[in-house]
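Note that ligands are numbered from 1 as they come in the structure, with each ligand's atoms numbered from 1 the same way.
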Amino acid sequence: MTRDELKAEMLRHLQYSFGKDPAHAQVRDWRMALSMAVRDRIVEPWFAATRATYSGQHKRVYYLSLEFLIGRLLEDAIVNLGLGQAAREACAALDLDFEAVMTDEPDAALGNGGLGRLAACFLDSLSTLSIPAHGYGIRYEHGLFKQSFHEGRQVEQAEDWLNQPHAWEFERAESSYEIGFWGEVEEKDGRAIWHPGDAVLARAYDTPVIGWQGRWANTLRLWGAKPTKLFDLARFNTGDFTAAAQPEEAARTISRVLYPDDTTDAGRELRLKQEYFFAAASIRDILRRYTSEYDDIRRLPHKVAIQLNDTHPAIAGPELVRILHDEHGLAFDEAVQIASATLNYTNHTLLPEALERWSEGLMRHLLPRHMRLIEQIDDWHARTTKGRTLSAIDQGSVKMGELSFMLANRVNGVSALHTGLMKKTVFAELDRLHPDRIVNQTNGVTPRRWLLACNPGLSGLVTETIGTGWEDDLERLGQLDPHVSDAGFRARFAAVKRANKAHLSDWIGREMGISVDPDAMFDVQIKRIHEYKRQLMNVLDVIATWHAMRGEPGLDWVPRVKIFGGKAAPGYQTAKEIIRLINDVATVVNSDPAIGDRLKVVYPPNYNVSMAERLIPAADLSEQISTAGKEASGTGNMKFALNGAPTIGTLDGANVEIRERVGAGNFFLFGLTAEEAMARREVPDHAGRAIAASPELAQAIAHLERGTFSPGEPDRYRHLAQILRHHDYFLVCSDFAAYHAKQRAVDAVFRDRDAWVAMAARNTARSGWFSSDRTIRSYAAEIWDVTPVEVGPGA
Ligand SMILES: CCc1ccc([C@H](C)CC(=O)N[C@@H]2O[C@H](CO)[C@@H](O)[C@H](O)[C@H]2O)cc1
């Protein structure tokens, strides 16, 4: 598509799709017009993919996830369709600011963090690999809350991405299902019939997911809740307006908002209603499509593979058994066998508080038939494994991890270390009963968004050096390795990073009024705020460095900009205290004349996918400092390595595999291993001992306790200091000295520009394996037993 064709299409949509006179059009109108013009190019490959799947009777993958952290879609579509240049030139020809048009789109923030973003990367790779697949989720009216800071504290506001036309979805009124809740179960001639007490309508909204070079497009189907009963006109006419609208309100509540917790199982009824609502609608839709093509329901596993993204969709298992048994009349055991040959489950965390357990009472009240079936499934498992000792029902609650495991064909962890720990800890007994069920599938990220689109400078240098083709065959980046010893290549690599840092410095200056030196080291920690991710250890390092700089101003310190980004779950008080501390420390350090430009702390509010795309290409150092054994994988770590930012990190999650692939010499390792951490936690007063052994740490904690960063309220951080001294479950104190010393080692390498650039370039060259294309190829071969559909050349 040429510039002029695209320009003409934009003008046509502006005038005829949006009825806007070009003379009066706003940025938003132009952005929508461009989106429509680009979307038109997606529809054909989308139809072709659907037709090819039906005609080839290909096996389908269904990815069920309560979260899809998509971000913006316009640039992603433009990049995948190879329309980058045409779009830039068309906008220039229309005298539009391209950056303004691109950043006008709101993020689709339908997720909390890692799990949701992984699902989005997986959809991009499934389409790029032309594997027939659907993503199923919820069309939240309000995604993850907007974060702002008021006097350093996190303040949450409702996110409202849908308060403007959404360019990328197609409403499918014809695809709606009634989803029941509550009610009774009638036992009649040996059969159970569930009579729900109430119901809502699940309506489908489809978003096409275009793959690299537009060769294939799959569908993301998100369910929106609608009332089954129309507006109550009679009530309205009696003047009881709210009652008249009540059915609508009650229904919409189910898909109104994303739960903002990413580690604590709130156990709220509405959350379970959300989980059942989308799981049941998805299973209905999957079986409708299957029975429209095939008439033997017993062959379902041959044509359908379902992936449960953690336990949040786990109720889909009992729902599938219910329909096969209660509606298709299969014997119970056969229904369970077919279901468990179709279902697969991915675990994303070992944190006990994140493992979902639903009270039996709530489950029986909301889903009476399912609770009965869960008991029968538990029984079936005990019968078929002689594993009486193990049950999915325990002390009055249903353990969704165990239930998902029992009903799964394959169960996987998301990094080699995590999968190993799953076998040794939470699923040890089940692993013993089913030794071949747990497999590892190390996470990955899509190189289209996380390199090609967000870092055009580096992508250009890569293509210049090794040609194209790496975009969907990322291990080709390995061909860069020999070039690292070429000074010219290193100079160009350094220039790209410097330009990205200058671009970010301008943005930080504009958005936050803080001036940062683009030649300083940009040291970045961006992720959800959580004690196990140890942002607290990072800010203690800032305090110790600040204190040392004031103590020895004459030393030749390596200037640093510490960049933080991340939201805390609204109910997670300690995480909110950590946010406030980072902001309070920033206030003191950034205005300290004794420090000047040598140390700056920057914490832009409302970290999201689009901000990650802005920060990661400009990063020098990637902070992956979680307590070993706690971060299942991490995916930000992969994005940083890909964009030429070496890691300072622990042997946790996928850090282990990143270090193996980039080489120990290109990774700043520190800290206790997972085993050592478990042992250290048993040492009495382990924190006290560490504090006694590290003057820097003792000093930093003393600053917290004397209110150095909260002059108006000296006791503000006494609680955090208490946690450190007397609990420190996440071993901040025990790992601090090693971390602080390793930061000095980082300084030493950073001083030697050539050595640093070589290290950074080797990280890029050697992290091709962390493409989500590799991950999806592995799921396809080891779990789903599907193969890509052969397709033509594409866009
Ligand atoms: C019940 C509340 C809740 C909500 C979300 C979650 C997610 C599992 C948390 C999550 O996002 N886990 C992250 O998943 C990533 C993708 O696999 C991993 O890379 C991260 O290490 C893991 O923390 C747990 C509990």
### Side chain E402, main chain A392, donor-acceptor under 3.5 Å
no
### Query
Does at least one non-hydrogen atom of G653 fall below 4.0 angstrom from an atom of ligand 1?
no
### Side-chain donor/acceptor of N655 to backbone N/O of Q624, under 3.5 Å
yes
### Task
Establish, for the pair R139 and Y205, whether the NZ or CZ atom is under 6.0 angstrom from the six-membered ring centre and no further than 45 degrees off its axis.
yes
### Donor-acceptor under 3.5 Å (D107 side chain, S610 main chain)
yes
### Query
Would you find a donor on one side and an acceptor on the other, under 3.5 Å apart, between the side chain of T349 and the backbone of L351?
yes
### Task
Would you tell me which option among N309, D261, T346 has the nearest heavy-atom contact to atom 4 (C) of ligand 1?
D261
### Message
Side chain or backbone, does S633 bring an N or O within less than 3.5 Å of an N or O on ligand 1?
### Response
yes
### T349, any N or O under 3.5 Å of ligand 1 N or O
no
#### Entry: Contact partition for N443 relative to ligand 1, non-hydrogen atoms under 4.0 Å
side chain
### Query
For ligand 1, which atoms sit closer than 4.0 Å to a heavy atom of A632?
21 (O)
### Message
Tell me whether E156 is salt-bridged to K146, with the criterion being a basic N under 4.0 Å from an acidic carboxylate O.
### Response
no
### Query
Hey, is R271 one of the residues with a heavy atom under 4.0 angstrom from ligand 1?
yes
### Message
As an exercise, identify every atom of ligand 1 less than 4.0 angstrom from a heavy atom of E631.
### Response
20 (C), 21 (O), 22 (C), 23 (O)
### Task
Can you run down the salt bridge (charged side-chain N to carboxylate O under 4.0 Å, His left out) pairs that involve residues 616-637, sequence neighbours left out, and say none if there aren't any?
K501-D620, K533-E631, K562-E623
### Message
Less than 4.0 Å is my threshold; does some heavy atom of H312 fall inside it relative to ligand 1?
### Response
yes
### Query
Under the 3.5 angstrom rule, does the side chain of E676 hit a backbone N or O of T673 as a donor-acceptor pair?
yes
### Query
Which ligand 1 atoms, with their elements, are less than 4.0 angstrom from a heavy-atom of G634?
18 (C), 19 (O), 20 (C), 21 (O)
### Message
Using heavy atoms and a 4.0 Å limit, tell me yes or no: is D310 in contact with ligand 1?
### Response
yes
### Message
Given H348, K527, E67, Q441, identify the one with the heavy atom nearest to atom 8 (C) of ligand 1.
### Response
H348
### Task
Please indicate whether Q395 has more than 12 foreign heavy atoms, meaning atoms of other residues, nucleotides or ligands, lying under 6.0 Å from its CD.
no
### Element-labelled atoms of ligand 1 that are located less than 4.0 Å from some non-hydrogen atom of Y532
23 (O)
### Task
Would you tell me which option among L115, D262, T635, V414 has the nearest heavy-atom contact to atom 9 (C) of ligand 1?
D262
